[in-house]
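Residue numbers start from 1 in every chain, and the chains themselves are labelled A, B, ... in the order their sequence lines are given, proteins ahead of strands.
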4 protein chains.
Amino acid sequence: MTRVTVWAEYRQERSDPAVGAVYPDGIHAVIADGLRDAGREARTASLDEADQGLSDATLAQTDVLIWWGHVAHGDVDDAAVERVRARVLDGMGLIVLHSGHHSKIFRRLMGTSCDLNWREAGERERIWVVDPVHPIAEGLGEGFMIDAEEMYGEHFDIPAPDRLVLISWFAGGEVFRSGCCYERGRGRIFYFRPGHETHPTYHHPGVRRVIANAVAWAAGPMGDRPERRHRPL
Amino acid sequence: MTRVTVWAEYRQERSDPAVGAVYPDGIHAVIADGLRDAGREARTASLDEADQGLSDATLAQTDVLIWWGHVAHGDVDDAAVERVRARVLDGMGLIVLHSGHHSKIFRRLMGTSCDLNWREAGERERIWVVDPVHPIAEGLGEGFMIDAEEMYGEHFDIPAPDRLVLISWFAGGEVFRSGCCYERGRGRIFYFRPGHETHPTYHHPGVRRVIANAVAWAAGPMGDRPERRHRPL
Amino acid sequence: MTRVTVWAEYRQERSDPAVGAVYPDGIHAVIADGLRDAGREARTASLDEADQGLSDATLAQTDVLIWWGHVAHGDVDDAAVERVRARVLDGMGLIVLHSGHHSKIFRRLMGTSCDLNWREAGERERIWVVDPVHPIAEGLGEGFMIDAEEMYGEHFDIPAPDRLVLISWFAGGEVFRSGCCYERGRGRIFYFRPGHETHPTYHHPGVRRVIANAVAWAAGPMGDRPERRHRPL
Amino acid sequence: MTRVTVWAEYRQERSDPAVGAVYPDGIHAVIADGLRDAGREARTASLDEADQGLSDATLAQTDVLIWWGHVAHGDVDDAAVERVRARVLDGMGLIVLHSGHHSKIFRRLMGTSCDLNWREAGERERIWVVDPVHPIAEGLGEGFMIDAEEMYGEHFDIPAPDRLVLISWFAGGEVFRSGCCYERGRGRIFYFRPGHETHPTYHHPGVRRVIANAVAWAAGPMGDRPERRHRPL
């Protein structure tokens, strides 16, 4: 069975009552619950644990890593980022959520700034499927609606996605490439937009379905480890 | 100088007063005027002319063909479609506008149904640039707004664009991949969404800028004509 | 279990002793045998059967269609081509082999000429994996060698593949994009280069592995059938 | 006029007589000469100059940077790499040559290992054009041959190129994606394979043509600098 580790900063939940009220045990706990409800196994890890929750041992036992970060990107050690990057290139799946767009690991794997526009106005978001045959779109139909979310707007400074699966519409007038697939080395990477810490977004059945589908996709075949070396005639 | 032919059905303008009021000389005339205002040469052609306006002679003198069709897709001869297709594959640029998504030529070049969702409610459309370095986005900034347009919504049944430049937001809640680039054979193809016949969309400066930019892009290099044949050792 | 139909012209095998010697029961029979050896179910169909082997009933019971054609592309009815195309857009996988590059169905789905260079010199071909994490590359390692094959060389006039999995090297000096994935509508399409009728290529374990992998890939998820229609507010 | 800076390590030319014999004034000097012959302006810079030849002032006056590195990738300061990366994301073109595949800047922008297979056997290389309409292929016809070069073979661990323009064939049996285009931020990046230091490759007219074409392409439009910030309603 696919071994999933849900990693989060788990700081605002403890320091900010408005966040703690929505996610008392942490965002990672709710995401992991959603995966278990979908019949998957999931462990949690967080920034203030030993090795920042990202030890070699943890990563070695992780097939898909889910990443939620926001206010503490700078506190993640470069060495931890490098451990995660090495595992992704060697085949571990990585699902980067919401404000993780600015995490060291996502920026490092993308090579770009990953900057975007934003607005915290608790506005309506509609998420549309633009690649209905992609495994991550399975069971979503045309998409779904979230009643209140933070807005993220284009331009989003990422490499053109290998596959663009979802586009968001916001009541305030913006659009956003919300579900983006990449393959880097032997690893599959999925960026998924929703999930501001003051909204109960990770309880939303559509959001949960996307994450569960993305876990299945990101755990997909990674082929043999290619040899790359001197090749005499 | 790039030789542009703006082709349109030019039927609703003559049969439907609501359309004729907006485009008394035809949609093609307004599009051609916009190009001339941008310093380009442009001729017009339409369905009820000799050879349906698509003779070999016309096509041979056309570097970029702009296509607007809606109610008469079925009246375009298959032979004319094949002439256009042959010219595109040999290097002529093609810009397909709005309801041209269902034209024989676009469907023939895409290979898919090109179906979509739609609604005529004269609602607000915002067009966002998601690939700001693409030549078609030049001078658009973040995008622009059209006060009243027909809605086109996903899922749009096209091959994944080689480059996705524009995404539309509609007040009614939908999104749409509005500016899509393709290369087929030696030809460049651009699909651009706006332009319902009852709205003055082709007078809009943003729309005009996109079309002028797309002409420049579609007239771009097409390389030598590759030889493909038996190759003895 | 995935229902595979292996379709071939099955003419040269009966008219040309040099071909009949290699494929006495037809190329389709050998391909189907290879799939059965890989634990798959496979039926065969051919051009001179009723409905050209491509009846609605056959297609309705086919999840993945494998296509081998060469000298009789022009004999395939346009109506049969349209039936196949409709099924592909509705989700049937399609694997087009070798000289099928010039089949009506492949050209129709690609929109381009699909022309290429060629040479029948029975030369060595090496097939290299350039996308080792793609499911079609599973178990191939770096690739494999075919002792004697027809040469196909660039430029191959196809749309840029959605995924390029394999590149061929030929002893005579050419290269070729040999394994190309496309998604069109709900269907997955794979073009695979090898398989000239005078060589025992479809007995080769590497070739058989690619075809079996491609069947698994092409039978993959196709999502719900999107609705595309008028959408009132 | 496009301002080009050709940067090279310029070490083996001074320390290794076999290299110095081929490039007595440095590889960068020969590349710059080739650009001047093509009617372009070009300056040179190298690793042992002040600021490693990559000062903010130099980069600010550079529209396209050409990079050749091999034995001293590790000696390039991280700060210099970051300066180059920032300029690329802000619109400077970057052309990475040959062994530059392992440079810090290329790996940083790609996010992957950029590993490959290699062999120094002075063997024949044929470079084939697979995207003849791309500006970088202009004037190349089907491609060209280099009599003796180092071999680079797949699998090359890069993100799938945004555009694949060239594929190499080697006499020893390998293939390689030799001309790869990327867009990152506002910048255009081209990786071009040939150029081992013991071969007179940068005197080859085909190689010179590719580099001159790539300069023109990489200097292409970069649009306005997008604003990405908080957007109140």
Where on D:E154 is there a heavy atom nearer than 4.5 Å to chain A: the side chain, the backbone, both, or neither?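 Contact with chain A involves no heavy atom of D:E154 at all.
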Examine whether an atom of D:R107 lies under 4.5 Å from a heavy atom of chain A, and if so say whether it belongs to the side chain, the backbone or both; otherwise answer neither.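 Only the backbone of D:R107 comes within 4.5 Å of chain A.
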What pair of heavy atoms forms the shortest contact from D:R85 to A:G111, and how long is it?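 So the two residues come closest at NH1-O, 2.8 Å.
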Output all residues satisfying side-chain hydrogen bond (donor to acceptor under 3.5 Å, both in side chains) with D:R108, sequence neighbours left out; order by chain, then residue number.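 Here no residue qualifies.
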In residues 223-233 of chain A, which residues are in contact with chain D at a heavy-atom separation under 4.5 Å?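 A:P226, A:E227, A:R228, A:R229, A:H230, A:R231, A:P232, A:L233, listed by number.
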Given the options A:H155, A:R119, A:E183, which has more heavy-atom pairs under 4.5 Å with chain D than any of the others?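 Top option by heavy-atom pairs under 4.5 Å: A:R119.
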Can you establish whether the number of heavy atoms outside A:R3 located under 6.0 Å from its atom CZ is more than 12?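 Yes, enclosed.
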Rounded distance [0.5 Å steps], CG in A:D157 versus CG in D:L89: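 Result: 6.5 Å between the selected atoms.
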